[in-house]
A.B. asks: 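Before we start, here is the structure in question, set down as structure tokens.
Just so it is clear, the structure is predicted and the values come from calculations on it, not from any experiment. Just the heavy atoms: all of them, side chains too, but no hydrogens, waters or symmetry mates, feed the values below. Letters go in sequence order (proteins before strands), and every chain restarts at 1.
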Amino acid sequence: MTFSKITENRANRFRRALYSWTGEHPREMPWKGERDPYKVWLSEIMLQQTRVEQGMPYFNRFIRRFPDVQALAKASIKQVLKQWEGLGYYSRARNLHETARWIVRSQAGRFPEEYSSILRMKGVGPYTAAAIASFAFGLPHAVLDGNVHRVLSRYFGIDQTMDHRAGKKLFEDLADRLLDKEQPARFNQAIMDFGALCCTPKNPDCTSCYLRNQCFAFKLDRIGQLPPAKKSKPRRIRHFHYFIVADPGGQVVLSRRPAGDVWPGLYEFPKVETDGPQAPKVRPAGVDLPPRAKIGKAVLTDKQVLSHQVVHGYFYLVRMPETPKNQLTQPVDKLNRFPMPGILARSRKFWKELLS
DNA sequence: AAATCGGGGAG
DNA sequence: CTCCCAGATTT
């Protein structure tokens, strides 16, 4: 089945119904109607796999802290990650920062202005490039995100995910056909608003929907089956034993997480990972702890569930007679400046209290 | 094509 | 508990 023969007539009907709905259901967002490519870029990166309500406070804080691309380029990666703390997918922040520096240093502060060059920016894929191209520059590129996929899957009755080449291509072609070439920004905004507010994953509000007369899923009562669910994968279980090592002066040892694992570039305490919940038999590498020193019971345990793993955290308090050498150490009251994974950040007040 | 990369809210 | 969110990148 192909949809390449969607008539301009049908596309027009789709657009009109869409615009009617969004006209009656306004949606306020800080970046709505924004033309400044920096702000559009930031909002789109920030909202990748992130709900609007979750990203909104981060966007506002980020813009206040880094109002333009120059400010972002001037900042350190640590400061940028600090603003990103708790939002997840930290490579987004790193790519954003690297690209900001590239724009300022190699492009004279000039933001890429055509789709192909926007697409070459780190962390920018087909969706984000289309969003920036249309919102910031008014270029006719259709966005294809989870919202659009869901709307089109139901409306046209397409029982496919976008995990495969063929499925992706099918939805791309469809979105391109439907796109309002005269007002690409308006169309892209409308179809995403509609998907987020009306054609929701669960319990869509079909009663208020102006597309339902043409909607395959509505007419055949297949709303619950479209789009097809992706199969969930089992989560990897991990156990992180964190050693909070402090000297009498309140200096605490920190380490930085490597690339190639969760939370790249964020800071944490020296750690030993074990296969199970049992206490580790060894001490964190690199930290000059007495190898046989008793560490006692964990002062805190916590758990963080990610989409692909579950991390159990165990915290041990270790008092050292003097400052550990050859380690990154920081005074307790400066630990706030270090971006940390949620499992550490959440209990910040607790272990700061413990250390003071 | 499949795995990896976070965190949170809805149901 | 499961599902999925203004996806991209690496394997």
Side-chain angles (χ1 to χ4, degrees), chain A residues 27 29-32 34 39-59 81 84-96 98-99 118-135 141-151 153 161-168 171 175 185 187-197 199-204 224 227-236 238 257-266 303-311 339-346:
Chain A
R27 187 188 196 193
M29 292 176 292
W31 49 83
K32 195 141 189 178
E34 182 62 61
K39 291 179 184 169
V40 174
W41 175 42
L42 174 64
S43 68
E44 295 305 338
I45 297 292
M46 209 165 241
L47 291 169
Q48 287 169 0
Q49 290 294 284
T50 304
R51 287 187 329 274
V52 164
E53 308 79 56
Q54 187 185 358
M56 205 135 52
Y58 281 86
F59 176 83
L81 282 170
W84 211 269
E85 184 183 77
L87 194 56
Y89 289 137
Y90 297 93
S91 295
R92 294 183 295 177
R94 184 174 303 283
N95 288 331
L96 198 69
E98 286 177 11
T99 304
I118 294 170
L119 186 57
R120 276 184 232 116
M121 298 195 295
K122 286 187 179 177
V124 172
Y127 163 76
T128 306
I132 296 173
S134 62
F135 293 141
H141 290 88
V143 294
L144 179 52
D145 71 335
N147 289 308
V148 178
H149 171 241
R150 187 172 56 254
V151 170
S153 167
T161 65
M162 296 200 294
D163 296 346
H164 304 294
R165 212 75 178 81
K168 183 87 188 292
F171 286 103
F187 177 87
N188 282 339
Q189 187 65 62
I191 194 167
M192 287 195 287
D193 285 353
F194 174 76
L197 298 180
C199 199
T200 51
K202 303 270 198 287
N203 303 323
K230 301 179 193 175
K231 47 182 178 287
S232 62
K233 288 157 288 188
R235 290 186 168 94
R236 172 186 178 196
R238 306 179 71 174
R257 290 195 58 80
D261 197 355
V262 289
W263 308 320
L266 270 59
K303 178 178 79 164
Q304 183 161 352
V305 181
L306 313 183
S307 54
H308 54 294
Q309 36 184 292
V310 180
V311 177
M340 295 179 167
I343 195 165
L344 278 78
R346 264 186 281 129

A.B. asks: If I take atom OH in residue Y89(A) and atom C1' in nucleotide dC4(C), what distance separates them, rounded to the nearest angstrom?
C.D. replies: 10 Å
A.B. asks: Starting from P on dC5(C), measure out to CE on M56(A) and report it in whole angstrom.
C.D. replies: 18 Å
A.B. asks: Can you check whether H308(A) has a side-chain N or O nearer than 4.0 Å to OP1 or OP2 of dC5(B)?
C.D. replies: yes
A.B. asks: Nearest whole Å is fine: how far is dC5(B) P from K122(A) NZ?
C.D. replies: 18 Å
A.B. asks: Using the P atom on both, measure dG11(B) against dA6(C) and round to a whole Å.
C.D. replies: 14 Å
A.B. asks: In whole Å, I'd like the distance from the CG atom of L266(A) to the P atom of dG6(B).
C.D. replies: 8 Å
A.B. asks: Determine the Euclidean distance between corresponding P atoms of dA8(C) and dG8(B); express it in Å to zero decimal places.
C.D. replies: 22 Å
A.B. asks: Can you tell me which residue among E44(A), Q48(A), H141(A) is in a side chain to side chain donor-acceptor pair (under 3.5 Å) with Y127(A)?
C.D. replies: E44(A)
A.B. asks: State whether W263(A) places a side-chain N or O below 4.0 Å from either non-bridging phosphate oxygen (OP1 or OP2) of dG7(B).
C.D. replies: yes
A.B. asks: dC3(C) C1' sits how many Å from K230(A) NZ, rounded?
C.D. replies: 11 Å
A.B. asks: Checking contacts here: which listed nucleotide (dC4(C), dT4(B), dA8(C)) is nearest the side-chain heavy atoms of K233(A)?
C.D. replies: dT4(B)
A.B. asks: To the nearest Å, give me how far apart CZ (R150(A)) and C1' (dC5(C)) are.
C.D. replies: 8 Å
A.B. asks: Please determine if a side-chain N or O atom of S232(A) lies less than 4.0 Å away from the OP1 or OP2 oxygen of dC3(C).
C.D. replies: yes
A.B. asks: Can you find a donor-acceptor pair, distance only, under 3.5 Å between R51(A) side chain and dG9(B) base?
C.D. replies: no
A.B. asks: Does the dG6(B) base have a donor-acceptor partner in the side chain of S307(A) within less than 3.5 Å?
C.D. replies: yes
A.B. asks: Nearest whole Å is fine: how far is dG9(B) P from L47(A) CG?
C.D. replies: 15 Å
A.B. asks: Is Q48(A) close enough to dG7(C) that one of its side-chain N or O atoms is under 4.0 Å from OP1 or OP2 there?
C.D. replies: no
A.B. asks: In this structure, how many angstroms lie between the C1' atom of dG6(B) and the CZ atom of R257(A), rounded?
C.D. replies: 12 Å
A.B. asks: Phosphate oxygens OP1/OP2 of dA6(C): is one of them under 4.0 Å from a side-chain N or O of Q49(A)?
C.D. replies: no
A.B. asks: Taking for each residue the nucleotide of DNA chain C bearing the nearest heavy atom, is the 5' side occupied by Q54(A) or by L119(A)?
C.D. replies: Q54(A)
